[in-house]
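A short write-up of the structure that comes next.
Residue numbering restarts at 1 for every chain, and letters A, B, ... go by the order of the sequence lines.
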Amino acid sequence: MTTKSSLLKILEKSSRKGLGRGNLGVLVARAGVGKTACLVHIAMDKLLRNEKLVHASLQDSPEKVISYYNVIFSELVKALDLTNPSDTKALIDKNRMILAYLNQSFDLRRMRENLKNLREKVGFVPDTIIVDGLDFSKVGVEMFEGFKKLAKEFQVEVWFSALSKGTTGDTKPPVIPAPADKFHSFFSMIIELQPTQSGVELRLLKDHDSTTLLHETVLLDPKTFLARG
Amino acid sequence: MAQDIQQLRNIGISAHIDAGKTTLTERILYYTKRIHAVHEVKGKDGVGATMDSMDLERERGITIQSAATHCEWKGHTVNIIDTPGHVDFTIEVERALRVLDGSVLVLCAVGGVQSQSITVDRQMNRYKVPRLAFINKCDRSGASPYRVVDQLRQRLNHNAVLMEIPIGLEAEFKGIVDLVSMQAVYFEGLYGETLVTGDIPSQLLSETKARREELLDAVSMFSDELMEAIFEDQVTEELIRKAVRKGTLLRQLTPVFLGSAYKNIGVQPLLDGVNQYLPSPAEIENSALDLDADAVEVALTPDPQAPLVALAFKLEVTPYGQLTYLRIYQGSLSKGAELLNTRNRKRIKVGRLVMMHASEMEDAQQAEAGDIVALFGIDCFSGDTFTDGTVNYAMTSMRVPEPVVSLAVTPKDNKSSSQMSKAIHRFVREDPTFRSHVDQESGETIISGMGELHLEIYVERMRREFSAEVETGMPQVAYREAISRKADFNYTHKKQTGGAGQFGRVAGFMEPSEDQGYEFVNAVRGGAIPTEFIPAVEKGFQACLEKGLLLGFPILGMRITINDGNSHSVDSSELAFRQAAMGAFRQAYMGAKPLLLEPIMKVAVECPSDFQGSVMASISQRRGMITSSAEDGVFTTVEAEVPLAEMFGYATTLRSLTQGKAEFTMEFSRYHKVPDSIAEELKKTFADRLKGGKK
C-alpha cells in the first residue's frame with residue numbers, strides 16, 4: 001500500500017525518481033508552513049512500503065513525534081479509506097525508530113553510535129533517516145560533510161527540514177533560500193514549501209545533476225498532505 | 001476543623017523515587033511545627049522520616065503507602081498526601097491524585113526529569129491536577145536547575161517558569177533570589193528556620209533581570225492588568241502573584257521553586273507558593289453519579305450545609321483497628337453522625353473522627369467539605385462513597401488497572417495459614433489492584449498485582465505485620481485468550497429422562513470484537529427463544545468467558561450474536577437455557593481458532609548514554625520492540641514494548657549490565673498475541689502441569 005497521490009509525486013517525477021541511498025535532501029520553508037508534517041509524510045510513505053526508517057528529532061520528545069505520526073496517520077486512514085488500519089499502524093510502529101536529542105544534545109558522533117547500536121544490537125537497519133529540527137543557521141559545512149559520510153556509510157537517504165528566512169518567489173532559475181543556500185552543494189534534492197490560499201505548494205529547486213528542472217508544482221491539502229486534484 | 005474553605009489546600013507530593021520528597025515533607029512538617037525534630041530517610045538515628053510510617057518503607061528508604069497528614073502555614077490548613085515513587089504502586093499515586101486539589105512535583109536538580117517523573121506527570125494530567133515544581137538537591141554535585149527547567153518544558157511540555165534563581169550551586173548553594181519580591185533570601189538557624197532577606201548579590205543582577213523578564217513575559221499572558229502595568233512600569237508583587245495563580249489554576253503554567261530540603265534551603269517559599277498559587281477545594285469542580293437518576297453526573301458543591309458526600313480513598317490497619325481516610329466533597333460530618341455506604345446500602349455510625357499526622361492522630365469533632373479526615377472502625381472498601389442518606393450518589397470510580405502478575409503463596413504452618421488469610425483479606429480491601437483467588441486445579445492460593453515488586457511488598461507485609469510465614473512460587477503472567485475468527489453454534493440442551501425435563505436450543509455465532517470487552521447481541525426474531533430466557537442465555541455465555549477452553553485463561557474481545565433457538569412449553573427454564581448457552585459456547589469455541597494473548601508492558605530504561613547499546617541488546621533479547629531512544633545530556637532513555645513474561649528478573653540484569661547506573665519503569669500497555677512457537681511451549685507446560693496435578 002502506498003500513498004500514491006501524495007507529495008511523493010514530485011519525487012517520482014524527478015530525474016532519478018527519488019533521492020536515493022547515500023544522498024541528502026532538504027525541505028525548505030518558512031516557520032509554520034508544515035515542514036515536519038511534510039517530512040512525516042515522506043516517512044509514512046517509506047514505512048508503508050515496509051522500509052525501515054529512523055526519525056531523528058533535535059527538538060521534540062519521542063512522545064510528540066509519535067503524536068505527529070498518529071495525527072497524519074488518522075487523516076490518511078480517512079482520506080485513503082484504509083481497510084485494516086490497526087495492521088497498518090502495527091507495520092508503521094515496527095518499521096519506525098525515533099531518536100530524540102533533547103536540550104542541544106545532538107552531535108553526529110552520538111548519532112553514528114546510535115545507528116551502529118541499532119544495527120548491531122537490535123538488527124534495525126534503516127533505509128531512510130529523517131532529521132527534523134536542525135538549525136541550519138547555527139551549523140557549518142562540517143556538519144553536512146559528516147551527514148554525507150553517514151549516508152554513504154549506512155547506505156541511507158537522509159531528509160532534512162530547514163527553516164528559511166523568506167520565500168524565493170517564482171524566480172527562474174529558482175533561488176535557494178537562506179540559510180540552506182550555503183550548503184546546497186551537499187544536497188541532491190531541495191524542495192521548497194510555499195503556503196498558498198488553497199494549500200501548500202511544492203517546488204523542486206534542485207534535482208540531482210539535472211539542469212532541466214521540473215517546472216510543475218504540486219499543491220497539497222494542508223490537512224492530509226496529499227496532493228490535490 | 002470548620003474554617004474558611006478558601007484557606008484550605010489538599011496537596012500531594014509526587015516525584016521520582018530518589019528526588020527527596022520524603023525529606024521535603026519532613027522539613028515541611030518541621031517548619032509548620034507538626035514535628036519538633038528532623039529525621040532522615042534511612043536515618044542514622046534509626047528513627048526514620050515521619051511520613052514513612054511502615055517499617056518496611058523505613059528500611060528500604062522508599063515510601064510505599066501514602067500517609068496523610070495536615071499542617072498549618074501562615075493561616076492556611078495544608079493537608080498533605082505523601083505518595084509512593086515506584087511505578088508498581090501507581091494505584092497509590094492515582095488514589096492520592098483523585099482526592100487532591102493540587103500537587104508539588106519534586107525533581108532532582110542532578111537527575112532532572114526521569115522516567116518515573118514522566119509517568120507521574122501523565123497521571124496528574126489525567127486527573128487535571130494543577131501543580132508547582134520544586135527542584136530539590138541544588139546542593140548536590142552536578143546540580144543544574146536550569147537544565148531541569150528546560151526538561152520540564154521539553155520532556156513534559158510544561159510552561160515552566162522560574163519563581164526563583166539559586167544563589168550559588170552545588171557545595172556553594174546558599175539561598176535563592178525571589179524573582180517576585182526581587183530579594184535575596186537566606187535560611188539560617190539549625191534547620192534553616194530563620195529567613196533572612198537581603199540585597200541581590202551583584203554578580204547575579206543581570207541573571208536576575210533576565211529571569212524576571214522571562215517570568216513577566218510568561219505570566220502576563222494571564223493578566224491584561226499585568227500586561228498594562230509592565231508597559232507603564234507599574235508592576236506590583238500582587239499583580240504578578242494573581243497572574244501566576246490564574247495560569248497555574250488553568251494548568252497552563254507551572255511555577256518552579258528551587259532548594260535543598262536536606263540543607264534546609266528553599267522550603268518555606270515553596271510553602272508560600274502552595275498557599276498563593278494552588279487552588280482551594282472551592283476552586284475545583286467535582287462530580288458524582290446520582291444512582292437514583294440513571295447514574296447521571298451531578299456537580300458537587302463544597303458547601304458545608306449541602307447533603308454529605310465523601311469518598312473513602314485509603315484504608316490502613318493500625319493497632320487500634322481499621323482506619324479509613326475520607327475526603328469530604330460536600331456537606332459536613334460530625335462525631336456520632338450516621339453515614340450511608342452507597343455501595344452496599346449499609347448504615348454506619350461515626351465513632352471516632354481523627355485528623356492524621358502520618359502515624360499519629362488528633363481527635364476532631366467535626367469536618368467539612370474539602371477536609372481530609374480519618375474514621376475508626378468502619379467496615380468498607382477503598383473507593384466506597386458515603387452520604388448522609390439524603391442523596392444516593394457514587395463518586396466516579398478511579399481508573400483501576402487489571403493485575404498482570406500472579407504468584408502462588410503457600411503458608412509454612414497452620415498458624416501462618418490463618419494469618420495469611422487475614423492478611424490477604426486486608427490487602428484486598430486496601431488495594432483494588434491486589435487480587436487473590438484459589439486455583440481450582442492445584443488448590444494453591446494465588447495473589448495477583450501490578451508487578452514483581454508490588455507482590456514482593458505484600459509478601460513481606462504478611463511476614464512483618466501478620467507474622468505469616470509463606471513460601472512463594474515463581475511469578476506467573478496473566479495470559480488471556482481471544483478468538484480469531486467467526487464460528488457458528490447451534491446447540492440443543494435436552495434432558496428429558498426422569499424428573500423435571502430440561503430443554504433449550506440456542507443458535508447464532510461468535511466473532512472477535514475490536515475492543516477487548518464482551519458484547520452480547522440478541523437478534524432472535526419471532527420469539528424463537530422466549531424473552532424471559534434471554535438473560536439466562538447471556539449469563540450462560542458470560543460464565544464461559546471466565547475460563548477459555550484453550551488453556552483456561554479468561555477471554556477478551558468477543559461478540560456473541562444469537563439469532564435462533566427453540567423452547568418447550570413445559571421443559572424450558574432459565575437453567576435449561578443457561579446450560580444450552582454453555583453447550584453452544586463449547587461447541588463453537590475451538591472452531592473460532594482461539595489464540596493466547598500476553599500482557600505487553602511499556603518499558604522505559606534510563607541509563608548513561610554509553611550503555612545504550614547494552615540496554616538495547618537486553619531489550620531485544622527479551623522479544624522487546626524498541627520504539628525510541630532519547631538523549632538528554634549524558635543520559636539516554638530507551639523506550640520499548642516488551643512482553644511481561646520476559647521482564648522477570650530484569651532489574652538484576654540491568655543492574656549488572658550497567659554497573660547499577662540504569663533504572664527502568666514499566667506499566668501495562670495492552671494484550672497482544674503470543675508468538676506461535678511460545679504458545680506451543682506454554683500449551684505443553686500447562687498440559688504437563690495439569691497431568692502432574694491430577695496424579
Side-chain angles (χ1 to χ4, degrees), chain A residues 43 47 52-70 77 83-87 89-126 129-133, chain B residues 112-113 115 118-119 121-122 125 144 146-158 512 514-516 557 600 602 604 607-641 657 669-670 672-673:
Chain A
L47 293 166
K52 297 252 187 281
L53 175 125
V54 162
H55 184 121
S57 171
L58 276 56
Q59 271 172 352
D60 296 326
S61 64
E63 215 172 357
K64 209 160 173 184
V65 174
I66 290 170
S67 71
Y68 277 131
Y69 277 83
N70 289 347
V77 169
T83 45
N84 210 338
S86 54
D87 285 358
K89 178 85 178 16
L91 180 78
I92 291 172
D93 292 345
K94 188 179 78 134
N95 286 333
R96 181 195 59 211
M97 180 70 62
I98 297 165
L99 297 178
Y101 302 90
L102 306 172
N103 291 313
Q104 288 88 42
S105 52
F106 178 75
D107 81 72
L108 261 173
R109 189 191 57 80
R110 279 303 307 164
M111 187 171 191
R112 195 179 167 278
E113 195 64 29
N114 294 160
L115 292 171
K116 227 173 113 217
N117 281 336
L118 284 175
R119 186 174 62 192
E120 288 165 13
K121 311 283 184 182
V122 189
F124 189 96
V125 183
I129 298 175
I130 298 279
V131 181
D132 190 23
Chain B
V113 173
S115 46
I118 298 170
T119 311
D121 194 68
R122 215 179 285 147
N125 283 337
S144 175
Y146 295 127
R147 188 176 68 89
V148 182
V149 174
D150 286 342
Q151 287 178 337
L152 270 167
R153 291 174 186 152
Q154 282 209 330
R155 297 182 71 175
L156 302 181
N157 294 323
H158 279 236
E514 270 287 311
D515 66 41
Q516 300 207 313
I600 304 292
K602 206 174 180 176
C607 60
S609 298
D610 293 345
F611 293 107
Q612 185 206 36
S614 320
V615 167
M616 280 183 164
S618 72
I619 291 171
S620 188
Q621 282 157 9
R622 286 173 159 71
R623 294 195 279 131
M625 185 179 86
I626 296 165
T627 51
S628 70
S629 169
E631 307 229 342
D632 190 349
V634 294
F635 281 94
T636 293
T637 305
V638 177
E639 291 196 315
E641 290 202 322
L657 271 180
S669 165
R670 65 203 157 88
H672 190 70
K673 182 181 173 280

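- When E639(B), Q154(B), M625(B) are compared by the number of non-hydrogen pairs under 4.5 Å with chain A, Q154(B) comes out ahead.
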List the steps and the verdict of side chain to side chain contact (heavy atoms under 4.5 Å, CB included) for Q151(B) and L102(A). CA-CA 8 Å; Q151(B) 287 178 337; L102(A) 306 172; over 6 Å; no
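- Expressed to the nearest 0.5 Å, how far CZ of R110(A) lies from CG of D610(B) amounts to 6.5 Å.
- Here the rule is side-chain contact (heavy atoms from CB on, under 4.5 Å) with S628(B), and of P62(A), S61(A), S57(A) only P62(A) fits it.
- By number of non-hydrogen pairs under 4.5 angstrom with chain A, the leading residue of D632(B), V638(B), T636(B) is D632(B).
- Chain A forms the most heavy-atom pairs under 4.5 Å with one residue out of S620(B), S618(B), G613(B), and that residue is G613(B).
- Heavy-atom distances place both the backbone and the side chain of S629(B) under 4.5 Å from chain A.
- Contacts of I600(B) classified as side chain to side chain contact (heavy atoms under 4.5 Å, CB included), with partners at least two apart in sequence or in another chain: E598(B), E641(B), P643(B), R670(B), H672(B).
- Taking a 6.0 Å sphere around NZ of K52(A), one finds it holds more than 12 heavy atoms contributed by other residues, nucleotides or ligands.
- When each of R147(B), M616(B), Q612(B) is scored by its heavy-atom pairs under 4.5 Å with chain A, the top score falls to Q612(B).
- Each of M97(A), E63(A), H55(A) has some count of heavy-atom pairs under 4.5 Å with chain B, and the biggest count is that of M97(A).
- For the salt bridge (charged side-chain N to carboxylate O under 4.0 Å, His left out) condition, the pairs that include at least one residue of residues 112-126 of chain A, sequence neighbours left out, are R112(A)-E153(A).
- Interface remark: N114(A) contributes backbone and side-chain atoms alike to the contact with chain B (heavy atom separation under 4.5 Å).
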